[in-house]
Amino acid sequence: MTDFDESPHVSNPKSGGIAARAIAARGRQAPNYLDGLNPEQRAAVETTEGPVLVLAGAGTGKTRVLTTRIAHILATGRAWPSQILAVTFTNKAAREMKARIGLLVGGEVEGMPWLGTFHSIGVKILRKHAELVGLKSNFTILDTDDQIRLIKQLIQAENLDDKRWPARTFANMLDGWKNKGLEPKQIPEGDSRAFAGKGRDLYAAYQERLRTLNACDFGDLLMHPIAIFRAHPDVLADYHRRFRYILVDEYQDTNTAQYLWLRLLAQRPGKDNEQAPVNICCVGDDDQSIYGWRGAEVDNILRFDKEFSTATVIRLERNYRSTGHILGAASHLIGHNEDRLGKTLFTDHPDPEDPKVEVNAGWDSEEEARAIGEAIEDLQRRENHNLNDMAILVRASFQMRTFEDRFVTMGLNYRVIGGPRFYERMEIRDTLAYFRCVCQPADDLAFERIVNTPKRGLGDATIRLLHEYARERQIPLIPAALEIVETEELKPKPRNALRRVVLDMKRWSELLPSTKHTELAEQILEESGYTEMWQNDRSAEAPGRLENLKELIRSMEEYESLPSFLEHVALVMDTEQNAEMDAVSIMTLHSAKGLEFDTVFLPGWEEGLFPHQRALDEGGRSGLEEERRLAYVGITRAKRRAKIWFVSNRRIHGLWQSTIPSRFLDELPDAHVDVMEANTSYGGYGAGGFGGYGASRWDGAAAFNEGAYRTPGWKRAQAAKASQGGGDGWSGGRTREITYESDQTSGFSGRFTADGAERQGRASRGHNQPPRRGLGLYSSAKRGGPREIEGELVAKSVAEHESAFSKGDRVFHLKFGNGTVALVDGNKLTVDFDKAGQKRVLEGFLESI
DNA sequence: GTACGGAGAGGTAAG
DNA sequence: CTCTCCGTAC
């Protein structure tokens, strides 16, 4: 608060190194940070006063505008760094902004204390004024895990059946309410009737419980500040005075609570106050609004100019990222949406030589992963591309696993972004729970988590007694435990165990001020027996978990103290992964927003997955439009190459399901799209029934034995296919000859026109099957060689195939057991299994008996 | 009180 | 398929 009311023009060497440097930089070499901005960007940077809405399409230099704008404000002496509020949605975006401002201004960035996510800024405000909402400033931030456990307790306390009323469901409702900024008394009647009529009561009870725990959840980080601003105009006025400039990134993703929060900060009351005008600048893209499901209101961006009548609206449409084909494909796709402000991206450098957007088909998700893996190796080896320049963007996180499995076998470096996160691992949470107990004796949830981890003989019975004891005296569990161990309430064995652990905690707490936090952390892990627990664990994961614990301690070095580390952990759930490593990124489309890659792979474009069924069911048309925006986001992440995939079979909930291509594929424009044909091992399937199997034999024995064909998934796929009745709409093996001919004449280029693809897509949809595929060409960088040759070989191998089995033979199958061959069709057999019934299986999986 | 196994349920996206 | 819950055996 030192520079709170100082004029930024006053020279003050101690405050805001950035501003000083920015001003110095301006002196030295004019404002060269403005160089290279186009007129719209420059307007967005230089219109510093009054409300500004920047509609920035994908790749139009949005971040550049934001960061340059901040640099400009600093360099022209309009404000100190501490007088600028800059909000982002993700920690990553915040980090990037800091780094880029640093580059503009030259040197390290310090002193932008109010640049961060909504949540991190919210927590900062709340720590200052916690007592105004009945919290202490050292409150804990609950993670989802704690939240669920707490809700479960409340549901049980209300005598509700927690099967019928799952805590998870309530947590989602809670989230919804808080996203809308609703307090218990404000929730809609319908919602309050939920949970057997106890919806509202549970919400109120939950908040009450949080207060006694001195805790809050993510939603409260916005709700509490809003409540404080409303109830305490003096506090709000302080912030009004402080924040001379407000900047908001990804404005299209703000939810109602965030909107209310911003509005309170931005709209200054009274006519004759002499405060600074409302200098708020919101940057967003309605076409990239993809968080409707978690409460984002596109409406916020649409009503911006109503809210701020003097608003300047600036559109950025000149795209610097992608090729003309990528922009063309993305624009055409998003043009199918009705609810949009309508922007048209364009590039100054369209080049017909640029690769078109590719659409690829595959047999199942495992093949998809394999083919994408090969495409990546191709680019890497043949074109010398860095893995860092490539990304796989999936719709749902379960898709990631297939890729991980495949890349591990291939030995291909990858990194998962936003996947199962470091801080969500069991051992990390356990450890953090210990730390929380030490820093905050009122943290009952943390205490419950680890009282009996490692096992100390403190089971349900003991904990229930402790709970009762604590409840009667209205004190948290740890102090209660300290007392109860001095009484006769507990049997000697649990009493001693409890005494030991709780005295340990007390001792660690006392060491807190005097001991270096990393040393204390190690001491806690050692003395609690937690490390030992994993050392004695014989399971395969144990060594990894111990590694993670070491990593945790290492990462603590950067923080001053245990409490400050804990706060970091609560808010920043993503850890920096070793960025030096060259690796392909795997992430969801949602977490890809704001990023760009030279090459982007977009797998899983199938109805039900993308667009996601649930989005369609729950969101109707607007749900579909949001999915389409997600597709738009995906394509526009690519600078040069976008490669879309769909497959015919995908495992969902462990069951193989046949799928049909996404409608979005039909919405891509012919002119910018190439439909690739069967650049994979399976491709022959469409041609020769199970010709894919035949093709795979050219993959060499090793690949066959280790590869996907041996996986249960492949077998299941075959089985599922077979049980569906085999040949069906695909014409199975019966169309063999047709496709060979046609493809051979086309020179095995494996390429249809985009027009052809459209026809394929539609035709296939008609009979609920994937497009019929031409000859599958097996090609791979590893083997190289002319495709033609392989193509012929494949063709021959299938065409001339003679089964080693004939009708009536007794056979054995690894999965289905013994059976009798009922029908032979090339290398594809129908077998009556003694136990499993009739199945269609590949000859390769059968043994003679 | 704990360890194990079987049954059953559930599974978009993120801070 | 994977996770959680619950009953049973120790």
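All heavy atoms count here, side chains included; hydrogens, waters and symmetry mates do not. These figures come from a predicted structure and were not determined experimentally.
Map A/R168 and A/G219 each onto its nearest nucleotide of DNA chain B; the residue landing nearer the 5' end is A/R168.
When heavy atoms are screened at a 4.0 angstrom cut-off, A/F118 is found touching no nucleic acid atom at all. In this structure, A/A615 reaches the bases: a heavy-atom distance under 4.0 Å links it to at least one base atom across the strands shown. Using a 4.0 Å heavy-atom distance criterion, A/S120 is classed as making no nucleic acid contact.
A straight line from CG of A/L174 to P of B/dG15 spans 19 Å, rounded to a whole angstrom. Atom CG in A/D175 sits roughly 14 Å away from atom P in B/dT12 (whole-Å rounding). Atom CH2 in A/W293 sits roughly 7 Å away from atom C1' in B/dT12 (whole-Å rounding). Between A/D143 atom CG and B/dA14 atom C1' the separation is 13 Å, expressed in whole Å. At whole-Å resolution of the value, CD1 in A/I417 and P in B/dA13 are 16 Å apart. Going from atom NE2 of A/H119 over to atom P of B/dA14 covers 14 Å, rounded to whole Å.
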ring-ring contact (aromatic ring centres under 6.0 Å, His included) evaluation trace for A/Y206 with A/W177: CA-CA 13 Å; A/Y206 171 82; A/W177 294 328; 9.7 Å; no
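Checked against B/dA14, B/dT12, B/dG15, the side chain of A/T588 finds its nearest nucleotide in B/dA14. Side-chain atoms of A/H612 lie closest to B/dT12 of the nucleotides B/dT12, B/dA14, B/dG15. Closest contact between the side chain of A/R614 and the listed nucleotides B/dG15, B/dA14, B/dT12 involves B/dT12.
Ring orientation note: the planes of A/F229 and A/W261 are tilted relative to one another, at an angle of 30° to 60°.
Remark: ring of A/F398 not stacked against base of B/dG11; the cut-offs of centroid gap under 5.5 Å and plane tilt under 30° are not jointly satisfied.
With hydrogens and angles disregarded, no donor-acceptor distance shorter than 3.5 Å links the side chain of A/S120 to the backbone of A/G116. Put simply, the side chain of A/T256 never gets that close to the backbone of A/G181: no donor and acceptor are under 3.5 Å apart.
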Sort me out a list of protein N/O and nucleotides 2-6 of chain B N/O pairs below 3.5 Å, or just none if empty.
residue: B/dT2; atom: OP1; partner: A/G457; partner atom: N; Å: 3.0

Annotated protein contacts, base or backbone, on nucleotides 2-10 of chain C with a non-hydrogen cut-off under 4.0 Å, one of B, S, - each: S--SS----
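Under a cutoff of 6.0 Å and an axis angle of 45°, A/R127 and A/F139 form a cation-pi pair.
The pair A/R629-A/E626 meets the salt-bridge criterion, since a charged nitrogen lies less than 4.0 angstrom from a carboxylate oxygen.
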